[in-house]
Asks: 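Structure incoming, see below.
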Amino acid sequence: MTSVNVSLKDEESSTLIENNKSKHLKVTEITYKNNTESNYTEKIEELDKSFNYSVNSNHYWSHPELSILYGTPLYAEASHSQKIALNHLYWVTQYSQIAASEANTILYNDVTNGVFFAVGGYEMLCKELHLESDQEKSHIHAFHTISYKTKKALLGKAAFTTPAELNQSQALENNSQENAASKALQKLLGYKPLSSTPLALEDAALRLLKNIRLKSKANCYSPYLHELEKKDLFLPGPRTGILRVFPRYLLRLFTLSWGSSSFLASQYYCFRYIANMLLKTAEYEYTRHYRDLEKTGEFIPTPTEVSRYHLLDESYHTTMSKLIAQDVYKDFAKPTAYERYMGNLSVKVTQSRLLGGLSGGLPAIFQDDSWFTLSYYKLLRSPVFDMSHEETMHWLEKCLCHEHEGFHVNLKYHHRLLTDLRYFFGEFDYMWPVNREMSLMAEGGSMEKAIQRNIESFRDFSKSFTAGASK
């Protein structure tokens, strides 16, 4: 009787898997068909070719709320032309990051695509991911074109240089981050090599782990990772776009994990879904502005149009992120302890490093302003404000270290995204409570904590000038 029950359970489980697979394959087919028949990418390409900054320079590209330093004491005193510039440079900031992030998306589409191809039975899914990568290339080109022309017009050379007095402090910060990563890897390996660079140490640890993975998951290992290794690109860890907040060794570990397991290849799309929704937080506002202008028959700036068509194009990508993350992983065996751990770790680290803060100067950005203080500094020293060093430091302290409307505006965006992500992650049975409830993101949505962290980081930022002057 027991063997009969086990057999029935196995049969029921197999039927559920087949039904689930049939359902999501159908959704993938519909999404691919709709995506190939749409013309949103082509619209973006046309707008890319025709963009002329001077034609768009006197118009807001969104409602004023999506502007750098919106709601700060400095914004209240800024002239109309300065407010327009802050609105345009916010678009540039967002889409420069999106361009870098979409380049990373192409990489990880290829990595995970390789896994699905190796497993077999996901040809339509692979075609859709390949199409998405082609679309990302057009997006990236348009974002670079508009961003470059805008920065050149508004900032001149200041857009492409770093103040000399900050070069030394930046180098020290990079060195400190490398040392921290090296120590973390030494702890992972359980010994301290007599002589080794951080990169060599990473390679040693990751090659060891790769060989262990291949023994049990050889049939899932992404052919794309093999191809990269032949080109001396062993486990890339691109610290650009939204990935810049992660340590290099951790990114490379995620690359290995996402590229060597059918479960974790599916789970990567949890991270991609977070990126999709973070993008939509701002792009919904650009689309709303587009509709308002269209309704009244007013001039619609090219960047506003690009944002609208990008939101429409990315809607297919978001659909696939959600589908793969929530449904495709159910086709495979229950996750091992390693797979469950890495799946949860990637979400937890994303919460902590990408969503664990609150910017007072960049709406819809949920990181501490310490990431952006240098950019704020360069902006105030640029032709837009043309401030002296002393004036710049005075205004930075007022804008970052005290409560103002900008923080309250960003809390609104924070709450919206937090609600969406809690709904999404509440569906996963393998997630830790900290991820299902998005606890770290929720903790980061505190204006009081953000201001206190800004006070501490601004103190360190100020010291970097003092240290540079004493050399």
Asks: I'd like to know if the side chain of Glu339 pairs up with that of Ser261 as donor and acceptor (distance under 3.5 Å, no hydrogens or angles considered).
Replies: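 Result is yes, a qualifying pair exists.
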
Asks: Decide side chain to side chain contact (heavy atoms under 4.5 Å, CB included) for Met320 and Leu125; before the verdict, give the C-alpha distance in whole Å, the side-chain angles of both, and the deciding distance to 0.1 Å.
Replies: CA-CA 9 Å; Met320 291 308 302; Leu125 174 60; 3.3 Å; yes

Asks: When you measure from the centre of the six-membered ring of Trp371, is the NZ or CZ of Arg244 closer than 6.0 Å and no more than 45° off the axis?
Replies: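 Yes, Arg244 sits over the ring of Trp371.
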
Asks: Are Asp368 and Ser457 linked by a side-chain donor-acceptor pair shorter than 3.5 Å?
Replies: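 No - no donor-acceptor pair under 3.5 Å links their side chains.
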
Asks: Identify every side-chain donor-acceptor pair in residues 280-287 under 3.5 Å, counting partners at least two apart or on other chains, and give the distances.
Replies:
residue, atom, partner, partner atom, Å
Thr281, OG1, Met277, O, 2.9
Glu283, OE1, His310, ND1, 3.3
Glu283, OE2, Tyr95, OH, 2.6
Glu283, OE2, His310, ND1, 2.7
Glu285, OE1, Arg288, NE, 3.2
Glu285, OE1, Arg288, NH2, 2.7
Glu285, OE2, Arg416, NH1, 3.2
Thr287, OG1, Glu283, O, 3.1

Asks: Can you tell me how far apart CG (Asp327) and NZ (Lys322) are? Round to the nearest 0.5 Å.
Replies: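 One gets 9.5 Å once the value is rounded to the nearest 0.5 Å.
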
Asks: Could you please spell out the steps behind the salt bridge (charged side-chain N to carboxylate O under 4.0 Å, His left out) verdict for Glu229 and Arg207?
Replies: CA-CA 11 Å; Glu229 192 166 355; Arg207 286 185 189 281; 2.9 Å; yes

Asks: Which atom pair, heavy atoms only, marks the closest approach of Val347 to Gln267?
Replies: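 Closest approach of Val347 to Gln267: CG2-NE2, 3.6 Å.
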
Asks: Which atom names give the shortest non-hydrogen contact between Arg252 and Asp203, and what distance separates them?
Replies: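 Minimum heavy-atom contact is NH2-OD1, 2.6 Å.
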
Asks: To the nearest 0.5 Å, tell me how far Lys330 NZ sits from Asp429 CG.
Replies: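 So the gap between those two atoms works out to 7.5 Å.
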
Asks: Before accepting this row, confirm whether a basic side-chain N of the pair Lys33/Glu29 lies closer than 4.0 Å to the acidic partner's carboxylate O.
Replies: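 The answer is no: the pair does not qualify as a salt bridge.
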
Asks: Does the ring centre of Tyr108 sit less than 6.0 Å away from the ring centre of Phe271?
Replies: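 No, they do not, as the ring centres are separated by 6.0 Å or more.
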
Asks: From Asn454 CG over to Lys449 NZ, what is the distance, rounded to the nearest 0.5 angstrom?
Replies: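 Those atoms lie 14.5 Å apart.
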
Asks: When you compare the side chains of Gln135 and Asn35, does any donor N or O come within less than 3.5 Å of an acceptor on the partner?
Replies: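 Yes.
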
Asks: Hey, does the side chain of Asn344 reach the backbone of Arg340 with a donor-acceptor pair shorter than 3.5 angstrom?
Replies: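 Such a contact is found between Asn344 side chain and Arg340 backbone.
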
Asks: Quick check: do Phe116 and Glu123 have side-chain heavy atoms less than 4.5 Å from each other?
Replies: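 No, too far: nothing below the 4.5 Å cut-off.
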
Asks: Arg272 and Tyr268: side-chain donor and acceptor closer than 3.5 Å?
Replies: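 Tyr268 and Arg272 do not have a side-chain donor-acceptor pair below 3.5 Å.
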
Asks: Test Ile106 against Ile140 for side chain to side chain contact (heavy atoms under 4.5 Å, CB included), laying out the working first.
Replies: CA-CA 11 Å; Ile106 295 172; Ile140 291 167; 4.1 Å; yes

Asks: Which heavy atom of His144 sits nearest to which heavy atom of Ala99, and what is that distance?
Replies: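 The answer is NE2-CB, 3.7 Å.
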
Asks: On the six-membered ring of Tyr221, is Arg213 placed so that its NZ or CZ lies under 6.0 angstrom from the centre and within 45° of the ring axis?
Replies: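 Cation-pi check for Arg213 and Tyr221: fails.
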
Asks: So do the side chains of Asn87 and Tyr90 get within less than 4.5 Å of each other, counting heavy atoms only?
Replies: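 The answer is no; the side chains never approach within 4.5 Å.
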
Asks: Start with the C-alpha distance between Phe366 and Tyr413, add both sets of side-chain angles, then the distance that settles ring-ring contact (aromatic ring centres under 6.0 Å, His included), and finish with yes or no.
Replies: CA-CA 9 Å; Phe366 311 117; Tyr413 291 115; 7.7 Å; no

Asks: In this structure, are over 12 heavy atoms from other groups packed under 6.0 Å from His226 atom NE2?
Replies: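 Above 12, so yes.
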
Asks: For a quick check under 3.5 Å, do Ser54 and Asn52 share a side-chain donor-acceptor pair by atom type?
Replies: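 Result is yes, a qualifying pair exists.
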
Asks: If every non-hydrogen atom of Val111 is compared with every non-hydrogen atom of Gly259, which pair is closest and at what distance?
Replies: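 Scanning both residues, the minimum pair turns out to be CG1-CA, 3.5 Å.
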
Asks: What distance separates Tyr32 OH from Asn34 CG, expressed to the nearest 0.5 Å?
Replies: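 Taking OH in Tyr32 and CG in Asn34, the distance rounds to 12.0 Å.
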
Asks: Ion pair present between Glu456 and Arg453, side-chain N to carboxylate O less than 4.0 angstrom?
Replies: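 So Glu456 does not pair with Arg453 through a salt bridge.
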
Asks: Can a donor-acceptor pair be found between the side chains of Asp369 and Tyr376 at a distance below 3.5 Å?
Replies: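 Yes, Tyr376 and Asp369 have a side-chain donor paired with an acceptor closer than 3.5 Å.
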
Asks: Hey, are His24 and Asp331 close enough side-chain-wise for a donor-acceptor pair under 3.5 Å?
Replies: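 Yes - a donor-acceptor pair under 3.5 Å links their side chains.
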
Asks: Please check if any side-chain donor atom of Tyr269 sits under 3.5 Å from a side-chain acceptor atom of Thr112, or the reverse.
Replies: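 Tyr269 vs Thr112: donor-acceptor pair found between side chains.
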
Asks: Under a 3.5 Å cutoff, is there a donor and acceptor pairing between the side chains of Tyr309 and Glu305?
Replies: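 Distance-only check fails for Tyr309 and Glu305.
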
Asks: Do any N or O atoms from the side chain of Ser307 and from the backbone of Pro303 form a donor-acceptor pair under 3.5 angstrom?
Replies: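 Yes: the side chain of Ser307 pairs with the backbone of Pro303.
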
Asks: Of the non-hydrogen atoms in Met342 and Ser257, which two are nearest, and what is the gap between them?
Replies: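 For Met342 versus Ser257, the nearest heavy atoms are CE-OG, 3.5 Å.
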
Asks: Centroid-to-centroid, Phe424 to Tyr273, below 6.0 Å?
Replies: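 Distance test on ring centres: under 6.0 Å, yes.
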
Asks: On a heavy-atom basis, which atom in Leu278 and which in Ala364 lie closest, and how many Å separate them?
Replies: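 Minimum heavy-atom separation between Leu278 and Ala364: CD1-O, 4.0 Å.
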
Asks: Could you go step by step and tell me if Ser266 and Ile324 meet the side chain to side chain contact (heavy atoms under 4.5 Å, CB included) rule?
Replies: CA-CA 6 Å; Ser266 304; Ile324 298 172; 4.1 Å; yes

Asks: Report yes if some heavy atom in the side chain of Tyr40 is under 4.5 Å from a heavy atom in the side chain of Ser315; otherwise report no.
Replies: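 Not touching, per the 4.5 Å side-chain cut-off.
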
Asks: Is a donor from one side chain sitting under 3.5 angstrom from an acceptor on the other, for His317 and Glu314?
Replies: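 The criterion, which ignores hydrogens and geometry beyond distance, is satisfied for Glu314 and His317.
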
Asks: CG of Leu256 to CG of Leu225: how many Å apart, nearest 0.5 Å?
Replies: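 So the gap between those two atoms works out to 7.5 Å.
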
Asks: Please determine, by modelled atom types, if Trp258 and Ser346 share a side-chain donor-acceptor pair under 3.5 angstrom.
Replies: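 No donor-acceptor contact under 3.5 Å links the two side chains.
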
Asks: What's the verdict on side chain to side chain donor-acceptor pair (under 3.5 Å) for His139 and Asp313, showing C-alpha distance, side-chain angles and the deciding distance?
Replies: CA-CA 9 Å; His139 300 168; Asp313 226 1; 2.8 Å; yes

Asks: Do Val119 and Asn219 come close enough that some side-chain heavy atom pair is under 4.5 Å?
Replies: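 Not touching, per the 4.5 Å side-chain cut-off.
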
Asks: ring-ring contact (aromatic ring centres under 6.0 Å, His included), that's the test. Do Tyr430 and Phe263 meet it? Break it down for me.
Replies: CA-CA 11 Å; Tyr430 69 86; Phe263 171 81; 5.0 Å; yes

Asks: Rounded to the nearest 0.5 Å, how far does CG of Asn56 lie from CD1 of Ile300?
Replies: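 Here the interatomic distance stands at 11.5 Å.
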
Asks: Give the C-alpha distance, both sets of side-chain angles, the deciding distance and a yes or no for side chain to side chain contact (heavy atoms under 4.5 Å, CB included) between Glu443 and Leu440.
Replies: CA-CA 5 Å; Glu443 290 173 11; Leu440 299 182; 4.0 Å; yes

